[in-house]
Amino acid sequence: MGYKKHRILKQSLLGLGVFLALAGCFRGDEEDRQRISVPPGATEEQLIDLALEVHPAPRQLSWQKLEMTAFLHFGINTFTDQEWGDGSDLPELFNPTKLDPRQWIKTLKDSGFKLAMLTAKHHDGFCLWPSQFTDYSVKRSPWEGGNGDVMREFVDACHEFSMKVGVYLSPWDRHEQTYGSEAYNDYFVQQLTELLTNYGPIDEVWFDGANGEGPNGVKQEYDWSRYFSTVRSLQPEAVIAIMGPDVRWVGTETGFGRETEWSVIPIAYEAADSTDSPVTSKGIFRPQINPMDYDLGSREKLIGARELSWYPAEVDVSIRPGWFYHANQDNLVKSAEQLLEIYLTSVGRNAVLLLNVPPNKEGKIASVDSLQLVNFHQSLEEIFRTNQLTGGIITPSTSRKRLETGYLSDGSLNTFWEPEEDDASPSISVEWDQPHLFGMMSLQEPIQEGQRIEKFILEAFVDETWQSIAEGTTVGYKRIMHFPTVKATRVRLIFPEYRGPAPRIASWGLYKDLPQVYFEPKGMAFSDNLRITLHTDDPDAVVYYTLDGSLPDVQSDRYTGPIELYGTTEIRTFAVSPAGTKGFVKSQLYNKARYKILLEHAPDIRFTAGGSLILTDGIRGGTQFDNNRWLGFQGTDLEAIIDLGTMTSIDGVTLHFLEDIGQNIYPPDYVDIYVSPSLKNWRKVGHILPESRDASPLPVGLDLNLDRHLDNIRFIKVVGKNHPIPKGEDSEEAPAWIFIDEITIQ
Ligand code: FUL
C-alpha cells in the first residue's frame with residue numbers, strides 16, 4: 001500500500017499565502033474561489049496547493065446538496081411521438097387532456113427529488129409558455145383555448161410542494177426564422193429574460209450544446225457570454241449547467257458516474273512554459289474541457305493547467321429509453337432496482353442525479369413510472385435509515401480538535417473530523433460490543449472547504465485479521481460503496497492518499513443492504529433434473545418464492561431447503577430481513593432442454609448462456625445479444641451435434657440467429673445440415689442460404705429453415721459458416737460474430 005503522496009505544508013504556509021495571492025485567490029470571497037488562474041511556471045506541488053483552494057460558489061454548494069433532481073421532457077414531441085421535432089409540427093397538436101403539474105411535482109417530491117426542471121423549449125422551438133416573441137407556443141394550441149401557460153402551472157406546483165425550479169431552454173431552435181443570424185441571439189436572450197423574470201426564483205438553467213441547422217439551413221453562432229450574463233444578472237443564485245460554468249455534464253447518459261470524480265478541474269491548457277495566460281479576465285468562461293474524458297482532475301491532469309475551476313458533475317439519465325414520453329416504452333421503464341443502482345453510481349460518485357421522468361399525452365406522469373419511483377424511494381429510505389456506526393465506539397488515529405460524538409452522523413458538512421497534520425496513517429476505527437452486518441458505506445468530505453481525498457480503504461476485522469472490504473479513490477460531496485454483506489465487530493477506515501495537509505471527513509455511515517437472494521446455480525438449461533439452492537446475505541432473513549411465474553409475496557412458499565426442478569421453471573424470490581425490510585424480487589429461468597447437444601468449438605467465454613443446452617430448450621432469447629440467452633462465436637464457425645436420443649424421423653430443422661450489424665454480428669453465410677444414425681456416415685441433407693435483404697439498423701432475429709422429411713436418424717450436425725471478413729473499410733476490424741439461441745427440430 002503506497003502511503004502518502006501529500007506533502008506536509010507546515011513549513012511553507014507563509015510562502016503559500018503569497019503564492020495564492022499572486023494566483024488571484026482571495027480568501028473570504030467564495031465566489032472568487034470557484035476559479036483560480038495559475039501563475040505561469042507553477043510546480044506540481046504549487047498546483048496541488050492551488051487546487052485545494054478551489055471551492056464551490058454558494059450556488060454550486062446548494063445545488064450539490066440537492067442530490068436528486070428531475071428533468072421533465074414535455075412538449076410538442078410528446079404529441080407527435082418524436083424525440084427531436086424539426087420545428088414544422090403544428091402547434092394545434094399540443095393538447096394535453098388532463099395536464100397536472102401538481103401530480104408531477106408531488107410524485108417527484110414523494111420520491112425524494114429536490115429540484116424539477118422543465119423543457120420550456122426543446123430543439124423544435126415550441127414554447128410551453130406564451131412568449132411575446134413568437135407564436136410557436138401554447139398560445140396557438142387548443143389547450144385551454146390558447147390561454148394556458150405550462151411553465152406557470154409547473155412553477156406554481158413547485159412552490160406549493162417546496163420544490164426548487166430549473167429551466168431547460170434549447171439554444172438550437174429548428175423553427176425560429178432568425179436562427180442563424182445575430183437577431184436570434186436577441187431572440188434567445190429575450191426568451192431567457194421572460195423565463196427568468198416572470199416565474200420567481202430559478203435555481204438551475206440548462207443549456208444544451210446541440211447546434212444544428214435552423215429552418216433556413218444555417219447554424220447559429222451562440223453568444224454564450226451574453227446568455228450567461230443574462231442569467232447572472234437576473235438569477236444570480238441559479239447554476240448554469242452543461243454549456244455553462246457551474247455544472248458539468250458527466251459525459252454519458254447511462255446513469256453511471258466516474259469512480260474517480262474530481263470537482264476541481266483544469267479548464268484551460270497551455271504549454272507549461274508559456275507565459276501567455278489564456279484566462280485572465282473575470283468574465284464567465286465557457287468550459288474548455290472534454291466532459292467525456294476518463295480522467296478530468298487527477299494530479300497528472302493538473303500539470304500544465306492555466307486555470308482551475310470548481311466544476312462538478314451532473315448525471316442526466318431518463319427513466320425510459322427516450323427523453324420524451326412514448327407509449328410503446330411503457331414496458332421499458334427502469335425498475336426501482338435499476339434506479340437504486342443509478343443513485344449509487346451518480347449521487348454515490350460525487351455527482352448530482354438529474355433523472356428524466358417525461359409526462360405523457362394526458363399531461364401526467366404515467367403510473368408505471370411513479371410506481372417504480374415510489375419503490376425506489378422506499379428502498380433508499382430503508383437502506384439509509386439506520387447508520388450502523390451509531391452505538392459504536394469511534395476512535396480516530398489523531399484529531400486536530402476533539403472529534404465530538406455525532407460529528408460523523410449529524411448530516412452536516414460543517415462538523416468534520418480532521419487528523420493532525422503529522423499523522424502518518426490517518427484513520428478512524430469503530431468497535432461495537434455485538435457483531436454488525438453492513439453492505440454499504442457512505443462518506444462525505446466538507447466540500448465547502450474543497451476536495452482532498454485521493455484514496456480510502458475500509459477494513460473489517462474478520463477471522464482474526466484485518467481484511468479490505470472496499471477501496472476507492474475520490475470522495476467529494478458523497479461517495480457510496482456497495483459490497484457483499486460483512487459481519488464484524490471492528491472496522492477501520494484508512495486514508496493512504498490525499499491532497500493537502502490532512503484528509504477531512506464530514507460524514508461516515510455503514511448501512512445494511514436490502515436482503516438479497518442468490519441462486520446456486522444461476523439460471524441455465526438442464527437435461528434431466530436440477531437442484532437449486534437459495535442463499536441470503538443475512539442468515540436470519542426469511543426467503544419466499546414462487547415457481548409458476550407469479551410475483552411472490554409473504555403468503556408464497558417459504559424457502560426451507562433445495563428446490564428440485566424437473567421441467568422448465570422460473571423461480572421468483574425475495575427475502576425479508578429480521579427487521580422486516582423487503583429486498584427486490586429476483587428471478588432466474590431454468591430451461592429443460594429437449595435434446596443433448598455437443599459443440600465442436602466453444603463459444604466466447606462471455607457469451608455461453610450457461611451452456612449449450614439452451615439451444616434446445618424451446619425458448620428464444622429476444623434480440624439483445626448480451627442477455628445470457630445467446631451463444632456467441634467470434635471468427636469461428638458454429639458446429640453442433642444434436643442427439644435425438646433414439647432412432648426417429650423428423651420433418652425439418654430451424655436455426656434462429658441474430659443480426660446486429662452495429663455489434664458486428666451477422667447471420668452465417670450458409671448452414672450445412674448432416675444426419676446420421678450412429679455418429680458415423682454423415683449424410684448431407686441441406687445447404688441453407690440466408691435470404692438476401694437489406695441489413696436492418698436494429699438487432700433482428702433470423703430463422704434459417706430446412707423443410708424436409710427424414711427417416712432413421714438419431715444425430716443431426718449443423719455447420720454455420722461465419723461471415724469471412726466483417727463489412728466496412730477498416731481492414732483491422734475484429735472478426736465477425738455468429739449469435740444463435742435456438743435449434744428447433746420439427
Ligand atoms: C440532449 C438533447 O438533444 C436531448 O433531446 C435531451 O434534451 C438531452 C437531455 O439533451 O442533448
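Side chains included, hydrogens not; waters and symmetry mates left out as well; all remaining heavy atoms used. All ligand and atom numbering here is 1-based and tracks the order in the structure. For this chain, numbers begin at 1 and follow the sequence in order.
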Between S318 and P321, is there a donor-acceptor pair closer than 3.5 Å when you use the side chain of the first and the backbone of the second?
no
Regarding Y199 and D156, do their side chains bring together a donor and an acceptor under 3.5 Å, going by distance alone?
no
Salt bridge (charged side-chain N to carboxylate O under 4.0 Å, His left out) between E341 and K334, worked out
CA-CA 10 Å; E341 187 64 24; K334 293 191 170 71; over 6 Å; no
Side chain to side chain donor-acceptor pair (under 3.5 Å) partner of N356, the single match among R320, E253, H73:
H73
Looking at R232 and D246, does any basic side-chain N land under 4.0 Å from a carboxylate oxygen?
yes
Heavy-atom cut-off of under 4.0 Å around ligand 1: list whichever protein residues fall inside it, by chain and number.
F71, H73, W84, H122, H123, Y168, W206, D208, D316, W323
For residues 157-165, which side-chain N or O atoms pair as donor and acceptor with protein atoms under 3.5 Å away, sequence neighbours left out?
unit_1, atom_1, unit_2, atom_2, d
E160, OE1, R102, NE, 2.8
E160, OE2, R102, NE, 3.2
E160, OE2, R102, NH2, 2.5

